[in-house]
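Read through the structure below, which is laid out as structure tokens, and then see the notes.
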Amino acid sequence: MVDIIYLLEMTGIVAFAISGMIVARAKNMDPVGIFTIGFVTALGGGTLRDLMMDNHPLYWMKHQELPILILCIAVVFSYWNRAHRIRESRIVLPDAIGLGIFSILGAQLALDLGHSLFIASLLGVMTGTFGGALRDILCNEVPYIFRKDQIYASISFAGCWVYFACQWLLDSEVTALTVGLLFIVIVRMAAVRFDIRLQRDPFQK
Amino acid sequence: MVDIIYLLEMTGIVAFAISGMIVARAKNMDPVGIFTIGFVTALGGGTLRDLMMDNHPLYWMKHQELPILILCIAVVFSYWNRAHRIRESRIVLPDAIGLGIFSILGAQLALDLGHSLFIASLLGVMTGTFGGALRDILCNEVPYIFRKDQIYASISFAGCWVYFACQWLLDSEVTALTVGLLFIVIVRMAAVRFDIRLQRDPFQK
Amino acid sequence: MVDIIYLLEMTGIVAFAISGMIVARAKNMDPVGIFTIGFVTALGGGTLRDLMMDNHPLYWMKHQELPILILCIAVVFSYWNRAHRIRESRIVLPDAIGLGIFSILGAQLALDLGHSLFIASLLGVMTGTFGGALRDILCNEVPYIFRKDQIYASISFAGCWVYFACQWLLDSEVTALTVGLLFIVIVRMAAVRFDIRLQRDPFQK
């Protein structure tokens, strides 16, 4: 169980790191910028979660293989000529897995520390979305979570509640995590595929 | 006493949340963006204060009615057609109350934790102004506290010292809080009304 | 020993504060903005370090002479007419000293708290560079550490490892600190002087 969670978390971190580096490279940043944006995108959400819940040491300080892994990816990304061929569309699936696993693990940590369901769902959303928001702010883009053409944070929020409901109904941690994660991944993929939105942009035809 | 403080704090939070949502709506954000900006504006200052002073759990985690209230306001704001008629000028008074109560309660918490008067006044200013600064940064505006046409942070700073002086002179917590709060609210309203500045802009006629 | 470190730290803080105020003044900010940017540039790195390592109270809360000093510099800077004659080129040396001392002291604190060398070097880089990054973000510039024409973070990272190597080889704290600091200062000055970069900008002739 722990191994599967760790593998899923690693998948999410790699996906978020790569999504950050793609944006950083598109902005023509140097290797340090590429590493920094990758690091911040992949580990920003978890760092905010740990700071807000006073959960020390931060998880990437305990698992130093995570920043080392991001450093290796950044070196490949900076000096490998064909890295620019990786399009953002290629990482929609791993990014969705990252969003799912981060949201649910963030919410679960909050529950473990005795917070209420509502607070836990907020912390789940923050853990899942903060890294990507930082990436967009640092790269001077309108953050993903605010764009009308994306329902990103809402899926994370709904997914946390699906997870809570399954925990309560099924009394099985593994099933609840699987259902919550699948919910987030599938709805996120469907939202990207079918262009689902919370509110139509009034200025768009 | 506690009830009055709680009511004032709630007023400030609602005012700050609405001020954030007005800006978010003007930027044409979706409901998630409107909630996020409202949340960050209303609770950002207190979160920074609690993190910097290692005061856990964060106050909005202890009082989950606060984020729930902000969520309700965001729903109304997003789907109620006439919300766009609320002009920023309508919230100058509640915003000033929020600035006052956040500044003074932030400074008082720092004193309670044994910090010096100067450090307490800095933390008061941060508590009072950080939410609005985050709102402006996230919405890509030049932050309020840096604009030459506003004396925002200075009033908060002066108000903290008025509060400290009253505490020392009057030996009554309630009177000191009332005087400090009134000072900030009145000076802030006067500054907006009469366009008072710290320094004239040399490029302006 | 402690006195020399404190003096070096003070030099770095003053240099960083002035570098922030120069940018703030160039952006035509008012005195509050000048103080805020100076404060954030000088103390931002150490605050991030202390928050991430749960090292409370924050160092500027323990040493209130530091924010008071920054306040005094901000007053001089705001009302002294000839302050605008201080060019950023004049503070390259003190800025390099600040980068060096902050990086090495940040890394050393992480080692003292039991973190690994790699994590310590990351925290050293964050301590040394975060203040300047915040300054650039708040003033709406592309952060220094991301610009292709600067190798800023890389020097800090390399300097931390030079410091670790000296600690291991020489078994003398003072010598290691001196060598690490000199390495960062000299390489930084050389990089500015001879325009050394990590990667040539492909779009530049």
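Lettering of chains follows the sequences in order, A, B, ..., and the numbering in each one begins at 1. Model, not experiment: these values are computed from the prediction.
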Where on C:L113 is there a heavy atom nearer than 4.5 Å to chain A: the side chain, the backbone, both, or neither?
-> neither
Side chain / backbone / both / neither for A:I68 at chain C, heavy atoms under 4.5 Å = both
Quick one: side-chain contact (heavy atoms from CB on, under 4.5 Å) partners of A:L69, sequence neighbours excluded?
-> A:M10, A:V14, A:I73
Listed by residue number, which members of residues 42-65 of chain A have a heavy atom under 4.5 Å from any heavy atom of chain C?
-> A:T47, A:L51, A:D54, A:H56, A:P57, A:L58, A:W60, A:M61, A:Q64
Side-chain contact, heavy-atom cut-off 4.5 Å: C:F157 with A:V32?
-> no
